[in-house]
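Written below as structure tokens is the structure these notes are about.
Everything numeric in this text was worked out from a predicted model, so none of it was measured.
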Amino acid sequence: MIIRKRLTAGVGILLATLTAGLGTALPAAADEAPAKASPKVELVLDVSGSMRTRDIDGQSRMTAAKQAFNEVLDAVPEQVELGIRTLGADYPGNDRKVGCKDTKQLYPVGPLDRTEAKTAVATLAPTGWTPIGPALLGAADDLEGGDSTRRIVLISDGEDTCGPLDPCEVARDIAARGIHLVIDTLGLVPNAKIREQLTCIAEATGGTYTAVQHTDELSGRVKQLVDRAAEPVVTPVATEGANSCSAAPQLKAGLYTDREKFGEHRWYRVDVLPGQELRASVSVFADRAVNNDYGVLLRALTVHGREIVRGSESGTGRTDAISSGLRYPKAEQDDTDSDDKPAAETVCLQVSNSFSAPASVKTSPGMPVELTVDLVDSPDEAADVAAFGLGRGWWLLGVLVLTGLIAGLVVGWISRWRVAVWRTN
């Protein structure tokens, strides 16, 4: 009897404990944040007849593309859902109406089976037309659904041959849907018309255009774009710099894009509170042929035109981008009256470039500019030149004058001593 009572009591305690545990565990599970949606990428490959041309590292464009795809598929991050779409892969005839519908999804967007995807790519052979517009519409439909980041990577060697459906207008329509889909384009032929069309497609959605002429360049760039989808960067905000500080836009911490003509100055304004440090950097992208010698200058000035600090960079030869940056820490304000709100200092940022181009190169629109502005807590004991004011004009002049005065006194004293010794001897 005693044993039964103890057993019953033990079972009751066990059930109570389990019930309590479940009661505390269920709310905890309910409070867990939902899993982040996997980023989606679709590679759109041109398989038109022109891909037979043998001008990439001694092999055909199609062979180079297949080799690059195999390398990319091996390197796709696990969290990325990837698909492949083709254009011009199936119809070899001359009927334009049929040829301009020749686009299909070769591998569905989803978790990647690398072997299956490689096998599908291996079956491709250059065949027909170049319906870029319909392929982009199909890829946008392939990526529909969910709230994850979405990216289309288009690889092509020619212009769209299926007008009047302009692929640039198609890209603008896709951007207007508001689905945050970015299209990046890669051109396999250094042709002005092809570059213009692919650049327009990319810019319509905030993407990038890249010209590639080697297999390793193609695979490396596609890998970068797929990785970028896995770890999306901050979306830049479009702004328009002015030709003077007084008319410049007011910027806060963030990433901004603009365009700057050759040899132009662009102005922006940032408010810096006491105890904050302004960190700014700028990159100017050479998206066209430029002359060999170039440079970029980023200056921070007061509203009265006095330079605070600057950063500059120069180079020569072919480049995709050139960057420079600066830091300006503003000292804490003395606590004379705690009720007064500290006043911010307006800092003028000037972005300049010394790019030039051959006469045959268009200078409009300007080159892409990316400006980063950050405001952080100022260091207690800043060690850079700007913190001590040595880059602020009058401080530097005062240091030079004082150094010259001391050096003059020392040299004069030594000279008098040597004359006195000479006379004595």
Side-chain angles (χ1 to χ4, degrees), residues 39-77 80 82-89 103 105-107 109 112 114 117-127 130 132 135-136 139 151-160 167 171 182-203 205 207-231 285-289 318-321:
K40 297 179 179 179
V41 178
E42 181 146 85
L43 307 180
V44 179
L45 179 60
D46 182 350
V47 195
S48 59
S50 57
M51 290 290 283
R52 299 189 190 97
T53 307
R54 302 179 65 87
D55 59 357
I56 298 184
D57 299 333
Q59 56 188 353
S60 70
R61 298 169 187 171
M62 191 72 247
T63 301
K66 287 182 178 181
Q67 181 179 332
F69 264 51
N70 285 338
E71 295 177 6
V72 169
L73 292 172
D74 284 334
V76 173
V80 172
L82 185 133
I84 303 172
R85 174 172 282 273
T86 61
L87 58 98
T103 176
Q105 193 175 41
L106 183 70
Y107 185 84
V109 178
L112 181 63
R114 302 176 200 275
K118 287 181 181 181
T119 301
V121 171
T123 63
L124 298 176
T127 302
T130 312
I132 294 178
L136 292 178
R151 185 177 295 270
I152 295 173
V153 180
L154 169 65
I155 301 101
S156 178
D157 72 336
E159 288 185 276
D160 183 278
V182 175
I183 303 175
D184 296 291
T185 58
L186 288 85
L188 304 182
V189 177
N191 177 283
K193 288 186 177 180
I194 296 172
R195 180 175 66 246
E196 183 179 354
Q197 184 175 83
L198 294 181
T199 299
C200 181
I201 293 171
E203 290 181 349
T205 60
T208 60
Y209 163 75
T210 307
V212 293
Q213 295 180 330
H214 300 283
T215 307
D216 57 347
E217 291 177 349
L218 177 59
S219 60
R221 183 57 177 161
V222 177
K223 286 177 186 177
Q224 288 178 350
L225 296 173
V226 174
D227 289 342
R228 185 175 295 179
E231 299 178 3
F285 298 88
D287 60 347
R288 66 204 74 178
R318 179 68 183 128
T319 185
D320 290 327

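In this structure, Ile132 CD1 and Gln197 CD are separated by 5.0 Å, a value rounded to the nearest 0.5 Å. For the atom pair CG (Asp160) and CD1 (Ile201), the distance works out to 7.5 Å, reported to the nearest 0.5 Å. With rounding to the nearest 0.5 angstrom, the CD1 atom of Ile152 is 9.0 Å from the CZ atom of Arg85. Put simply, CG on Asp57 and CD on Glu217 are 8.5 Å apart, with the number rounded to the nearest 0.5 Å. Between atom CD of residue Glu42 and atom CG of residue Leu154 there is a gap of 11.0 Å, rounded to the nearest 0.5 Å. Arg114 contributes atom CZ, which lies 12.0 Å from atom CG of Asn70 (distance to the nearest 0.5 angstrom).
Side chains of Asp46 and Ile155 form no contact here, defined as non-hydrogen atoms less than 4.5 Å apart. You'll find the side chain of Asp184 stays beyond 4.5 Å of the side chain of Gln224, heavy atoms only. When side chains are defined from C-beta on, Met62 counts as touching Lys66, because their heavy atoms get closer than 4.5 Å. The closest side-chain heavy-atom distance from Thr208 to Phe285 is not below 4.5 Å. Counting heavy atoms from C-beta on, the side chains of Leu124 and Leu106 come closer than 4.5 Å. Val182 has its side chain out of reach of Leu225: every pair of non-hydrogen atoms, C-beta onward, lies at least 4.5 Å apart. Side chains of Leu218 and Leu186 form a contact here, defined as non-hydrogen atoms less than 4.5 Å apart. For the pair Pro77/Asp227, a side-chain contact is recorded, criterion being any heavy-atom separation below 4.5 Å from C-beta on.
The side-chain contact (heavy atoms from CB on, under 4.5 Å) with Val72 is formed by just one residue from the set Val121, Val222, Val41, Val153; it is Val222.
Between the side chain of Ser219 and the backbone N or O of Ala68 there is no donor-acceptor pair closer than 3.5 Å. No side-chain donor-acceptor contact under 3.5 Å links Asp157 to the backbone of Leu188. A donor-acceptor contact shorter than 3.5 Å links the side chain of Thr205 to the backbone of Ile183.
In plain terms, the two heavy atoms of Val44 and Ala135 that are nearest each other are CG1-CB, 4.1 Å. Taking both residues in full, the closest heavy atoms of Ala202 and Tyr209 are given as CB-N, 4.0 Å, listed atom of the first, atom of the second, then distance. Gly158 and Thr130 get closest at one heavy-atom pair: O-CG2, 4.2 Å. For the residue pair Thr127 and Ala89, the shortest heavy atom distance occurs at OG1-O, 3.1 Å. Closest of all the heavy-atom pairs between Thr86 and Thr103 is O-OG1, 2.8 Å. Minimum heavy-atom separation, Ala65 to Met51: CB-CE, 4.2 Å.
One side chain, Ser60 or Thr63, offers a donor N or O that lies under 3.5 Å from an acceptor on the other. Under 3.5 Å, the side chains of Arg288 and Thr199 contain no donor-acceptor pair of N or O atoms.
Environment of CD in Gln59: crowded, with over 12 heavy atoms of neighbouring residues, nucleotides or ligands closer than 6.0 Å.
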Derivation of the salt bridge (Lys or Arg N to Asp or Glu O under 4.0 Å) call for Asp74 and Lys118: CA-CA 9 Å; Asp74 284 334; Lys118 287 181 181 181; 2.6 Å; yes
- request: Please step through side chain to side chain contact (heavy atoms under 4.5 Å, CB included) for the pair Asp216 and Glu71, ending with a clear verdict.
  value: CA-CA 9 Å; Asp216 57 347; Glu71 295 177 6; over 6 Å; no
